[in-house]
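Scroll down for the structure; my scribbles are underneath it.
Computed from heavy atoms alone, side chains included, the values below leave out hydrogens, waters and symmetry copies. Order of the sequence lines sets the chain letters (A, B, ...), proteins ahead of strands, with each chain counted from 1.
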Amino acid sequence: MQRLNKDFFVRDVLDVAPDLLGKVIVRKFDNGEIKKFVITETEAYCGEEDLACHASKGKTKRTETMYMEGGHIYIYLIYGMYYMLNFVTSHKDNPQAVLIRGVDNVIGPGRVGKILQIDKSFNKQSILTSDNFWIEQGEIEKLKYRTDVRVGIDYAGEYWKNRPWRFILKK
DNA sequence: ACAAAGATCCGT
DNA sequence: CGGATCTTTGTA
């Protein structure tokens, strides 16, 4: 199965986020077991002007990952409990990322992080070259999806709150 | 130094 | 609907 390359991720986040639907996350766990997870729900976070994006605060110790080139993994801990899995997109210094909200029948970014056994050590790693975590082309030819507003960003103001930047795979 | 809030989830 | 739980960030 074809592994996704750099060109896939070095594009605008609004193109990458829907294109990730149906792609397959492959995870090799510490015990050697390999499992695959089809991506079913994503959300786009779109640079410094997007008030829902962490990078709207500028470049900080946490957000500097998003300023890396597309193809890097962005992990952060939320509410002291849940590791959120994101993939950086676009060129260096354009802080965009896609949040993985659902895989297979696992809905919710916190649950995704848990089932994939993700932690902070994956932050800033490359999804293009790591040998225990990568993404493959899926088998679905023409998939259908719907859009909706993003979740948990009421603080971002009416405009950004209402962008239809959540992408959900249709069965 | 300290306080506040957060791209969430679970149980009641 | 409230609690868990701790890092990041702003303010003093």
Spacing of [X] atom [atom1] relative to [N] atom [atom2], expressed in whole Å:
X: A:Ile78; N: C:dT9; atom1: CD1; atom2: P; value: 11 Å
X: A:Leu77; N: C:dA4; atom1: CG; atom2: C1'; value: 12 Å
X: A:Tyr83; N: C:dT8; atom1: OH; atom2: P; value: 10 Å
X: A:Ile153; N: B:dA5; atom1: CD1; atom2: P; value: 18 Å
X: A:Glu41; N: B:dA7; atom1: CD; atom2: P; value: 17 Å
X: A:Leu85; N: B:dT8; atom1: CG; atom2: P; value: 14 Å
X: A:Ile75; N: B:dT8; atom1: CD1; atom2: C1'; value: 15 Å
X: A:Lys61; N: C:dT9; atom1: NZ; atom2: C1'; value: 13 Å

(request) Could you tell me whether A:Leu99 contacts a base, only the sugar-phosphate backbone, or nothing, with contacts defined as non-hydrogen atoms closer than 4.0 Å? (result)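 Here A:Leu99 touches the bases of the nucleic acid.
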(request) Looking at every strand, decide which applies to A:Met81 at a 4.0 Å heavy-atom threshold: base, sugar-phosphate, or nothing. (result)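 Base contact.
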(request) Describe, in one word, how the ring planes of A:His54 and A:Tyr76 are oriented to each other, choosing from parallel (under 30°), tilted (30 to 60°) and perpendicular (over 60°). (result)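 The arrangement is perpendicular - the two ring planes meet at more than 60°.
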(request) Just say parallel, tilted or perpendicular for the rings of A:Phe87 and A:Phe133, cut-offs at 30° and 60°. (result)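 Because their plane-to-plane angle lies in the 30° to 60° range, the rings of A:Phe87 and A:Phe133 count as tilted.
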(request) Return the nearest nucleotide to the side chain of A:Arg111; candidates are B:dC9, C:dT9, B:dA7. (result)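 Among the listed nucleotides, the one closest to the side chain of A:Arg111 is B:dC9.
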Can you check whether [X] has a side-chain N or O nearer than 4.0 Å to OP1 or OP2 of [N]?
X: A:Arg101; N: B:dT8; result: yes
X: A:Tyr82; N: C:dC6; result: no
X: A:His54; N: C:dT8; result: no
X: A:Lys120; N: C:dC6; result: no
X: A:Arg62; N: C:dT9; result: yes

(message) Let's test your reading of the model: under 3.5 Å, does the base of B:dA5 pair with the side chain of A:Tyr79 as donor and acceptor?
(response)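 Counting by modelled atom types and ignoring angles, no donor-acceptor contact under 3.5 Å is found here.
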(message) Let me check something: do A:Leu99 and A:Val149 share a hydrophobic cluster, defined by ILVMFWY side-chain heavy atoms less than 4.5 Å apart, either directly or through other members?
(response)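 Different clusters.
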(request) Could you check if a side-chain atom of A:Ile127 sits within less than 4.5 angstrom of a side-chain atom of A:Phe8, using non-hydrogen atoms only? (result)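 A side-chain contact is absent here, since even the closest heavy-atom pair is not under 4.5 Å.
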(request) Report yes if the side chains of A:Phe9 and A:Ile135 come closer than 4.5 Å at any heavy-atom pair, otherwise no. (result)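 Side-chain contact under 4.5 Å: yes.
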(request) Provide the closest heavy-atom pair for A:Phe167 versus A:Ala44 in the form atom of the first, atom of the second, distance. (result)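 Minimum heavy-atom separation between A:Phe167 and A:Ala44: CE1-CB, 4.3 Å.
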(message) Suppose we define a pair by two distances each less than 3.5 Å, Watson-Crick or G-U wobble; what does C:dG3 pair with here?
(response)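 Pair assignment: C:dG3 / B:dC9.
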(message) Taking the P atom in each of B:dA5 and C:dG2, what is the distance between them to the nearest angstrom?
(response)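 Here B:dA5 and C:dG2 have their P atoms 16 Å from each other.
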(message) Using heavy-atom distances to pick each residue's nearest nucleotide on DNA chain B, tell me which of A:Pro109 and A:Gly80 is more 5'.
(response)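 The residue mapped nearer the 5' terminus is A:Gly80.
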(request) Kindly state whether the pair A:Tyr45 / B:dA7 counts as stacked, where counting means centroids closer than 5.5 Å and planes tilted less than 30° apart. (result)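 Stacked: ring centres under 5.5 Å, planes under 30°.
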